[in-house]
Amino acid sequence: MTNPSATVRLAGRREWTAFTVLLLPLLLVSMDVSVLYFAIPAITEQLDPSATQQLWIFDSYAFALSGLLITMGSLGDRIGRRKLLLIGAAAFGLASIGAAYATSAEMLIAARVLLGIGGATLMPSTLALIRNLFQDDKQRGKAIAIWSGAMTGGIALGSVLSGVMLNHFHWGSVFLVNVPAMLLLLVLVPVLVPEFKDPAPGRFDLLSVPLSMAAVLPVVYGLKEIAAEGFEPLYLGCLLAGLAIGYVFVRRQRTRADAMVSRTLFRGRGFGAGVGLNTIAAFVMMGSAYFTTQYLQSVLGMGTLEAALWSLAPSVFIGAAAPASAALAQKVDRAYVIAGGFVLAAAGFALMALVGTDSLWLLLTGAGVLACGIVTVMSLVSDMALASAPAEKAGSAASLLETGQEFGGALGMAVLGSLGTAVYRSDLAGADPAVRETLGGAAAVAHRMGGEAGEQLLALAREAFVHGMQYAAWGGAALLLGAALLATALMRGITAPAPAAAEPAGTPAAPVNEPTYN
């Protein structure tokens, strides 16, 4: 995965301090995925968005983020990853101010789009810079393990932070917390983080920008809507259109010398397999979250803030899992550690399959075990994929990893959510259509009915939901066991050579793209 003849420079205090700074935008971007969970009632009261506008307030950020990741990763390789990070930080901070003081639903949607564009510059830039800062395999593995844990924890933390802020401040405060962090980033990054870029990037393929967006966005949109609404012709059409355009995009990348996605990325044996396994891990992570959040609120009847606080419990396990897996991978073939992560996650799903209608601790234990396994997989495969890619293409490599995560997350919610919904509706075959639609709909009907009849209906609906969750959990466990076998077959024997004698921190970095601090 690395050139054995190249001098490996150990990262020192400066690099680790720079890495700490780079975690800041990662946390904020991942938190912004979930930060609106509690704010939407206050936003609805003040801005009075239509039902469609309310959906776009939620989804515009994720769509802009996922649609531009490939473009921004390639752009960072060309103009410099630090420069793109600074541009993204400024855009993210300004968009946060615009969102906080939005006076209409349209203005808030536009600000959320700008936040997504800023996020698309920040995420691949941080991961690519980590690839360049840490040349030693052991140090880089540790750094990416921490990076993966921070990204996963940030999503859970966003909803909790939102609830706490809204208890004391205006709804715009959930966006304003980004501003001082981005100002700090703009001050510290030029001082602490060196610049890296491809010394010979070639021309920027402008036509591939709309092609990549037209391939990614319809697929992500179709999968998200299928998860929420079922298999409607429009959503299936979006999927097919995105896949067709994706085929055109891939053909273009395979035939152009200045392709946005370089073919050299896939020459390393670990890259393609790493992206695929990372996508499976995201599939499982978001698919499980689809059920756990609903279980806490709709089955156990928790309020939103209480449910968000309980959902943080599995994150406690994550803090230990990522560094432990990185250390173990230094002693054992990584293929087996990755496969073990998949098996551990499957065990977590198996525990969730045993959950009843009043099994809070069993659910949290299963979710925690699953999270440990998934973070183990994501940190190790991300490290292997980045290490197998040329250093000058680290931005493109990081963007492909993260685009795969977006696809995997949307697909996990769609597939596992649809499986659970099918079982739920089958169990309530003779019920009112509103009851069969969702557990939330059943709760609304039960509330209107009142009395013992309403309680019985709600109890039946909760049992049906849990039954559907159990089937989805067993399906997810089977997929994870298959992924463990796949990881062993694809990744076995891919190991980094022993590093050359280390030079002290501060020695000019080796070879391909010299870091510059000015």
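With Q405 contributing its side chain and N278 its backbone, the two residues share no donor-acceptor pair below 3.5 Å. Proximity of a side-chain donor or acceptor of R112 to a complementary backbone N or O of Y61 within less than 3.5 Å is not detected. In terms of modelled atom types and a separation under 3.5 Å, the side chain of S399 and the main chain of S396 share a donor-acceptor contact. Between the S288 side chain and the M285 main chain, a donor and an acceptor come within less than 3.5 Å of each other. Using modelled atom types, no side-chain atom of N178 and backbone atom of S96 make a donor-acceptor pair closer than 3.5 Å. At distances below 3.5 Å, at least one donor-acceptor pair connects side-chain atoms of S104 with backbone N or O atoms of M107.
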Side chain to side chain contact (heavy atoms under 4.5 Å, CB included) between L47 and W171, worked out: CA-CA 11 Å; L47 302 184; W171 63 263; 4.1 Å; yes
side-chain hydrogen bond (donor to acceptor under 3.5 Å, both in side chains) between R78 and S74, worked out: CA-CA 7 Å; R78 286 167 165 77; S74 179; 2.6 Å; yes
Worked verdict on L344 versus I374 for side chain to side chain contact (heavy atoms under 4.5 Å, CB included): CA-CA 8 Å; L344 186 63; I374 292 303; over 6 Å; no
Working for side chain to side chain contact (heavy atoms under 4.5 Å, CB included), residues M491 and L277: CA-CA 10 Å; M491 294 290 206; L277 294 172; 3.9 Å; yes
Step-by-step side chain to side chain contact (heavy atoms under 4.5 Å, CB included) determination, L176 to Y101: CA-CA 9 Å; L176 288 179; Y101 295 106; 3.6 Å; yes
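When all heavy atoms are compared, the tightest approach of L85 to P25 is CD1-CG, 4.4 Å. In this structure, A483 and I280 approach most closely via the heavy-atom pair CB-CG2, 4.0 Å.
The structure places CD1 of I338 at 10.0 Å from OG1 of T376, a figure rounded to the nearest 0.5 Å. L114 contributes atom CG, which lies 9.0 Å from atom CG of L94 (distance to the nearest 0.5 angstrom). Distance CD/E106 to CD1/I109: 6.5 Å, rounded to 0.5 Å. From L480, atom CG reaches atom CZ of F349 across 6.5 Å, with rounding to the nearest 0.5 Å. To the nearest 0.5 Å, the span separating CD1 on I117 from CG on L65 amounts to 10.5 Å. To the nearest 0.5 angstrom, L192 atom CG is 10.0 Å from R82 atom CZ.
If you look at F63 and W56, their ring centroids are closer than 6.0 Å.
Between I57 and P49, some side-chain heavy-atom pair lies under the 4.5 Å cut-off. With contacts defined as side-chain heavy-atom distances shorter than 4.5 Å, the pair I70/F249 qualifies. The shortest distance between side-chain heavy atoms of L133 and Q139 does not fall below 4.5 Å.
A salt bridge links R334 with D383: the distance from a Lys NZ or Arg NE/NH1/NH2 to an Asp or Glu carboxylate oxygen falls below 4.0 Å.
Between W16 and F134, the ring planes are tilted. Angles from 30° to 60° get that label.
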